[in-house]
Protein chains: 2
Amino acid sequence: MKSEKISDAVVRRLPVYLRFLSELSMREVATVSSQELGQKLDLNPAQIRKDLAYFGDFGRKGIGYDVSYLIEKIRQILNLDQQINVALVGAGNLGQALSNYNTYLKDNMKIVAVFDASPSKVGQKINSLTIQPIEDMVETVQRLKVRIGIITVPDVEAQRVADQLTSAGIEAILNFAPTILKVPSEVRLHAADFTTDLLSLAYYLDNEKENDKHDA
Amino acid sequence: MKSEKISDAVVRRLPVYLRFLSELSMREVATVSSQELGQKLDLNPAQIRKDLAYFGDFGRKGIGYDVSYLIEKIRQILNLDQQINVALVGAGNLGQALSNYNTYLKDNMKIVAVFDASPSKVGQKINSLTIQPIEDMVETVQRLKVRIGIITVPDVEAQRVADQLTSAGIEAILNFAPTILKVPSEVRLHAADFTTDLLSLAYYLDNEKENDKHDA
DNA sequence: TAGATTGTTAATCGATTAACAATC
DNA sequence: TAGATTGTTAATCGATTAACAATC
């Protein structure tokens, strides 16, 4: 464990490694090289080796990486060797969709509470969790030791929710609302706004510009 | 219009600019400086000026940017001055959630077709669109001139769907399935996998490591 | 031993930021 | 004219990739 600063880019690749390694594990593949990983994940093998080497010497020269061991190590690095409690704020369509991934993401991440501002939603069940009024959020987050909040409320409410989550002592927020949130620097914030993704894709559409290319 | 290569990072910021500018426009703000933009969007003003300058001289020295004009220009850059037809493949919870954003994202992007593999879903309505069998996908995509596909099917089906969309001549894919897809280089692919986002957030959780810090 | 593959250093590449002349 | 702010060049910073000694 060297005490270098690990960049965001590196951290965001770890779950990708983890996912593919789990697949290998299910196929009972015992060992994998950075070469093979790179091929499957469209990444440079040197980059993969470097990423992993930040956290320890997980590989064996001439052999590669032991799949099970590497899975264990990456899970440790990502704090997934313990249960991480998550709260979902906003029980609309998107919130419901995410809560369904609960079983899927059982990398020890668990949605333990769901909140919504609308009285008509409160009391309903969503995957065995009862939707709670947003007024109970601070208290419940603290009681259940929720560490990550997922925001799926309309954009005009997102900042208020973020503020409340922050005051409840949340450590990280995944924000699906299409708006830039301001949170104190000790709260980790990630924007997961797919409208941005979708609009930026449009840039790459051909637009028949190519038709003009009748070059010599 | 200089013919420099524009980086992905630049393109992904354009929709963020656009969104905030629209907000300003609704508030009837006529002019904005890179300074103000940077403040609101947590970006360096020089970066914003540089981003915009790739595409033209949109600002006025000493004054700033005309909000309406800049909106128009960014929409042109992103090809949003024409209707872009989108197909949604996978009518599960996530697919339904995304289709609800249809009204919201009416930046000329429109979901014009929804497909699902499950016979029980086919024929049902989702926001006034009838869910079609996935077998009709290639034909429908071509007939309706769909240019962007959104994949929200289970990960094991995602590659097959991507292949079919590709063969139908789609230009870009937004993939929500947690798997790495392979598509030909002429198809623009963006991964919108929130499980990756969520797992990477866990890295930043405190984990009481800080308690050990009793330094001199 | 020969072949394979890691971990790491150095080289390269690309993106961000600072600085400032131009000019509204 | 004085103040503000752009567009752009140069400087900096950071991330990716190549190369290779170490070693299984």
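Here is the naming used below: chain letters follow the sequence lines, and residue numbers restart at 1 for every chain.
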Could you state the atom-to-atom distance from [atom1] of [X] to [atom2] of [N] in whole Å?
| X | N | atom1 | atom2 | value |
| --- | --- | --- | --- | --- |
| B:L52 | D:dT6 | CG | C1' | 11 Å |
| B:K5 | C:dA15 | NZ | C1' | 14 Å |
| A:Y54 | C:dT8 | OH | C1' | 11 Å |
| A:D51 | C:dT8 | CG | P | 13 Å |
| A:Q47 | C:dT6 | CD | P | 14 Å |
| B:D8 | C:dT16 | CG | C1' | 16 Å |
| B:I48 | D:dG7 | CD1 | C1' | 14 Å |
| A:N44 | C:dG7 | CG | C1' | 14 Å |

- Message: Taking atom CD as the centre, does B:Q142 end up with more than 12 heavy-atom neighbours from other residues, nucleotides or ligands that are less than 6.0 angstrom away?
- Response: yes
Tightest non-hydrogen contact, residues A:D197 and B:A192, listed as OD2-CB, 4.0 Å
- request: For B:A202 and A:L80, work out which heavy atoms get closest and say how close.
  value: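 Scanning both residues completely, I find the closest heavy atoms to be CB-CD2, 4.1 Å.
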What pairs with [X] under salt bridge (charged side-chain N to carboxylate O under 4.0 Å, His left out), at least two apart in sequence or on another chain?
| X | result |
| --- | --- |
| B:R143 | B:E139 |
| B:D163 | none |
| B:D8 | B:R188 |

Numerically ordered, the residues 26-37 of chain B set in heavy-atom contact under 4.0 Å with DNA chain D is B:S33, B:S34
Nucleotide by nucleotide, nucleotides 9-14 of chain C touches protein heavy atoms under 4.0 Å in the pattern (B base, S sugar-phosphate only, - none) B-----
Residues in side chain to side chain contact (heavy atoms under 4.5 Å, CB included) contact with [X], at least two apart in sequence or another chain:
| X | answer |
| --- | --- |
| B:A30 | none |
| A:A158 | A:I151, A:V153, A:N175, A:A177, A:T179, A:L181 |
| B:A46 | B:N44, B:R49 |

Exercise. Using heavy atoms to find the nearest nucleotide of DNA chain D for A:R13 and B:F58 separately, return the residue whose nucleotide is more 5′.
Key: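 Result of the comparison: B:F58.
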Practice item. Could you pull out all residues at least two apart from B:Y65 that satisfy ring pair (Phe, Tyr, Trp, His ring centres under 6.0 Å)? Key: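 Partners of B:Y65 under the ring pair (Phe, Tyr, Trp, His ring centres under 6.0 Å) test: none.
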Read 5' to 3' with Watson-Crick or G-U pairs under 3.5 Å, [ ] for crossing pairs and | for partners on another strand, DNA chain C gives ..||||||||||||||||||||||
Got a salt bridge between A:D193 and B:R19, using NZ or NE/NH1/NH2 to carboxylate O under 4.0 Å?
->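 Judged by the 4.0 Å cut-off on N to carboxylate O distance, A:D193 and B:R19 do form a salt bridge.
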Margin query: I'd like to know if A:D81 and A:R75 make a salt bridge, using a cut-off of under 4.0 Å between side-chain N and carboxylate O.
Written below: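 No salt bridge links A:D81 with A:R75.
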#### Entry: Contact under 4.0 Å: B:Y65 side-chain N or O vs D:dG7 OP1/OP2
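For B:Y65, the contact criterion (side-chain N or O under 4.0 Å from OP1 or OP2 of D:dG7) is met.
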Kindly give the atom pairs (protein nitrogen or oxygen, nucleotide nitrogen or oxygen) under 3.5 Å for nucleotides 20-24 of chain D.
{"from": "D:dC24", "atom 1": "O4'", "to": "A:K61", "atom 2": "O", "distance (Å)": "3.2"}
{"from": "D:dC24", "atom 1": "O3'", "to": "A:R60", "atom 2": "NH1", "distance (Å)": "2.9"}

Checking A:T195, A:L198, A:L201 against B:M109 for side chain to side chain contact (heavy atoms under 4.5 Å, CB included), the one that qualifies is A:L198
All N/O donor-acceptor pairs, side-chain side in residues 83-95 of chain B, below 3.5 Å, sequence neighbours left out:
{"from": "B:Q83", "atom 1": "NE2", "to": "B:N85", "atom 2": "OD1", "distance (Å)": "2.6"}
{"from": "B:N85", "atom 1": "ND2", "to": "B:L144", "atom 2": "O", "distance (Å)": "2.8"}

